[in-house]
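Structure record follows, encoded as structure tokens.
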Amino acid sequence: MFGGPQPKKGGGATPLSPKDFVHLTGVSRETMCRLSAYAKILIERQRKQNLVSANSLTDLWGRHFFDSYQLIEHLPSNAKGITDIGSGAGFPGLVLAISTGIPTVLVDSNKRKSEFLGEVIQKTRAPAVVVNLRVEQHAKHLKGNGVDVLTARAIAPLSKLCELAELLSSQTCLFLKGKNWRKELTQANKQWKITFEAIESLTSKESRILRITELERR
């Protein structure tokens with residue numbers, strides 16, 4: 001999927017520019033315009049609201065946009081919907097919605113962050129809706145209907161994500177995990193039988209995308 005040279009991994013890497021992002025992903029001009037509008041709103045709102053780590057803004061296109069975009073390669077070919085939990089500033093869910101056109105539900109219990117997500121959706125015409133609830137509350141509204149693809153980044157340990165995935169009856173999970181992914185997996189395996197792939201992240205050699213296709217309590 002990614003035709004250009006991959007971002008350098010590890011400390012000291014050169015920040016990814018918008019031009020680099022286009023070269024890596026091959027996104028259309030329309031998609032890039034929408035993602036750029038998203039980035040502009042984020043930078044403006046970050047001055048008043050803590051949406052992402054201030055340090056990460058120096059590499060916004062690498063740390064956040066490309067980190068989210070890389071999940072596209074691992075979506076099921078027949079994915080009909082995405083549910084992103086703990087969406088925060090919209091990574092990875094809102095990037096996936098804009099880039100793929102797949103209907104996406106962004107779940108976040110923080111009112112101000114949910115308002116930010118709503119603003120970006122309106123400005124970019126993203127095929128997404130915001131649910132300003134805790135995941136447990138949102139699950140009750142699903143009335144037994146399962147989630148097709150569940151995504152999450154940096155919101156909870158894997159053991160907790162497994163609980164939420166079960167609660168949402170998720171078919172496929174794509175979780176972006178950092179350098180402690182092995183420790184989290186070991187802990188989660190005490191309670192869960194997990195069928196998964198650990199895919200090396202394109203943005204950090206220590207990080208992994210955990211693609212879970214089966215989950216069962218022990």
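Keep in mind that what you see is a predicted model, and the values were worked out from it rather than measured.
A donor-acceptor pair under 3.5 Å is formed between the side chain of Ser170 and the backbone N or O of Ala165. Judged by distance alone, with hydrogens and angles left aside, the side-chain atoms of Glu216 form no donor-acceptor pair with the main-chain N or O of Lys193 at under 3.5 Å. A donor-acceptor contact shorter than 3.5 Å is absent between the side chain of Arg182 and the backbone of Lys179. In terms of modelled atom types and a separation under 3.5 Å, the side chain of Arg211 and the main chain of Thr172 share no donor-acceptor contact. For the pair Asn145 (side chain) and Leu142 (backbone), a donor-acceptor distance under 3.5 Å is present. With hydrogens and angles ignored, the 3.5 Å screen pairs a side-chain donor or acceptor of Arg34 with a backbone N or O of Arg125.
Note that the OH atom of Tyr69 and the OG1 atom of Thr100 stand 9.0 Å from one another [nearest 0.5 Å]. We find the CZ-CG distance between Arg134 and Leu164 to be 8.5 Å, quoted to the nearest 0.5 Å. In this structure, CD1 in Ile121 is found 9.5 Å from OH in Tyr38, a value given to the nearest 0.5 Å. For the atom pair CG (Leu174) and CD (Glu73), the distance works out to 11.5 Å, reported to the nearest 0.5 Å. Glu163 contributes atom CD, which lies 8.5 Å from atom CD of Glu136 (distance to the nearest 0.5 angstrom). Once rounded to the nearest 0.5 Å, the distance linking CG of Asn189 with CD of Glu184 reads 12.0 Å.
Between Pro92 and Arg153 the shortest heavy-atom distance is CD-CB, 3.9 Å. The shortest heavy-atom contact between Ala128 and Ala97 is CB-CB, 4.2 Å. The heavy-atom pair separating Asp20 from Pro15 by the smallest distance is OD2-O, 4.1 Å. Residues Gln46 and Leu51 share a closest heavy-atom pair of OE1-N, 2.9 Å. Closest heavy-atom contact between Leu176 and Ile209: CD2-CG1, 3.8 Å. Pairing each heavy atom of Ala39 with each of Leu60, the nearest pair is CB-CD2, 3.9 Å.
Side-chain contact check for Leu42 versus Phe116: some heavy-atom pair is nearer than 4.5 Å. Thr203 is not listed as a side-chain neighbour of Arg63, based on a closest heavy-atom distance of 4.5 Å or more. Side-chain contact check for Ile82 versus Thr151: some heavy-atom pair is nearer than 4.5 Å. The side-chain heavy atoms of Asp67 and Phe91, taken from C-beta on, include no pair separated by under 4.5 Å. For the pair Ile212 and Leu150, the minimum side-chain heavy-atom distance is 4.5 Å or more. Side chains of Arg45 and Val120 form no contact here, defined as non-hydrogen atoms less than 4.5 Å apart. A heavy-atom distance below 4.5 Å is not found between the side chains of Leu202 and Leu24. Between Leu96 and Ile102, the closest side-chain pair of non-hydrogen atoms is not below 4.5 Å.
Residue-environment remark: CZ (Arg217) exceeds the threshold of 12 foreign heavy atoms within 6.0 Å.
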- What's the verdict on salt bridge (Lys or Arg N to Asp or Glu O under 4.0 Å) for Glu115 and Arg112, showing C-alpha distance, side-chain angles and the deciding distance? CA-CA 5 Å; Glu115 289 172 349; Arg112 291 190 67 197; 5.5 Å; no
query: Taking it one step at a time, do Cys173 and Leu161 satisfy side chain to side chain contact (heavy atoms under 4.5 Å, CB included)?
result: CA-CA 9 Å; Cys173 302; Leu161 290 177; over 6 Å; no
Evaluation steps, side chain to side chain contact (heavy atoms under 4.5 Å, CB included), between Leu94 and Ser87:
CA-CA 8 Å; Leu94 194 45; Ser87 294; over 6 Å; no
Stepwise side chain to side chain contact (heavy atoms under 4.5 Å, CB included) test for Val27 and Phe21 = CA-CA 8 Å; Val27 295; Phe21 180 86; 4.2 Å; yes
Assess whether side chain to side chain contact (heavy atoms under 4.5 Å, CB included) is satisfied between Ser159 and Gln191, documenting all intermediate values.
-> CA-CA 8 Å; Ser159 55; Gln191 298 174 281; 4.0 Å; yes
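No path of Ile, Leu, Val, Met, Phe, Trp and Tyr side chains, each step under 4.5 Å between heavy atoms, connects Leu117 with Val129, placing them in separate hydrophobic clusters. No single ILVMFWY cluster, assembled from side-chain heavy atoms under 4.5 Å apart, contains both Leu71 and Ile155. The hydrophobic cluster containing Val130 does not contain Val135, counting ILVMFWY residues as joined when their side-chain heavy atoms lie under 4.5 angstrom apart, directly or transitively. Leu133 and Leu106 sit in two unconnected hydrophobic clusters of ILVMFWY residues. Membership requires side-chain heavy atoms under 4.5 Å apart, directly or through other members. Both Phe175 and Trp181 are assigned to one and the same hydrophobic cluster, defined by single-linkage of ILVMFWY side chains at heavy-atom distances under 4.5 Å.
In summary, the side chains of Asp108 and Ser114 do not present any donor paired with an acceptor at a separation below 3.5 Å, with no hydrogens or angles considered. In this model, a donor atom of one side chain and an acceptor atom of the other lie less than 3.5 Å apart for Thr31 and Ser28.
Among Gln70, Lys177, Glu206, the single residue meeting the side-chain hydrogen bond (donor to acceptor under 3.5 Å, both in side chains) criterion with Ser201 is Gln70. Considering Leu75, Thr104, Asp84 as possible partners of Val149, the one that fulfils the side chain to side chain contact (heavy atoms under 4.5 Å, CB included) test is Leu75.
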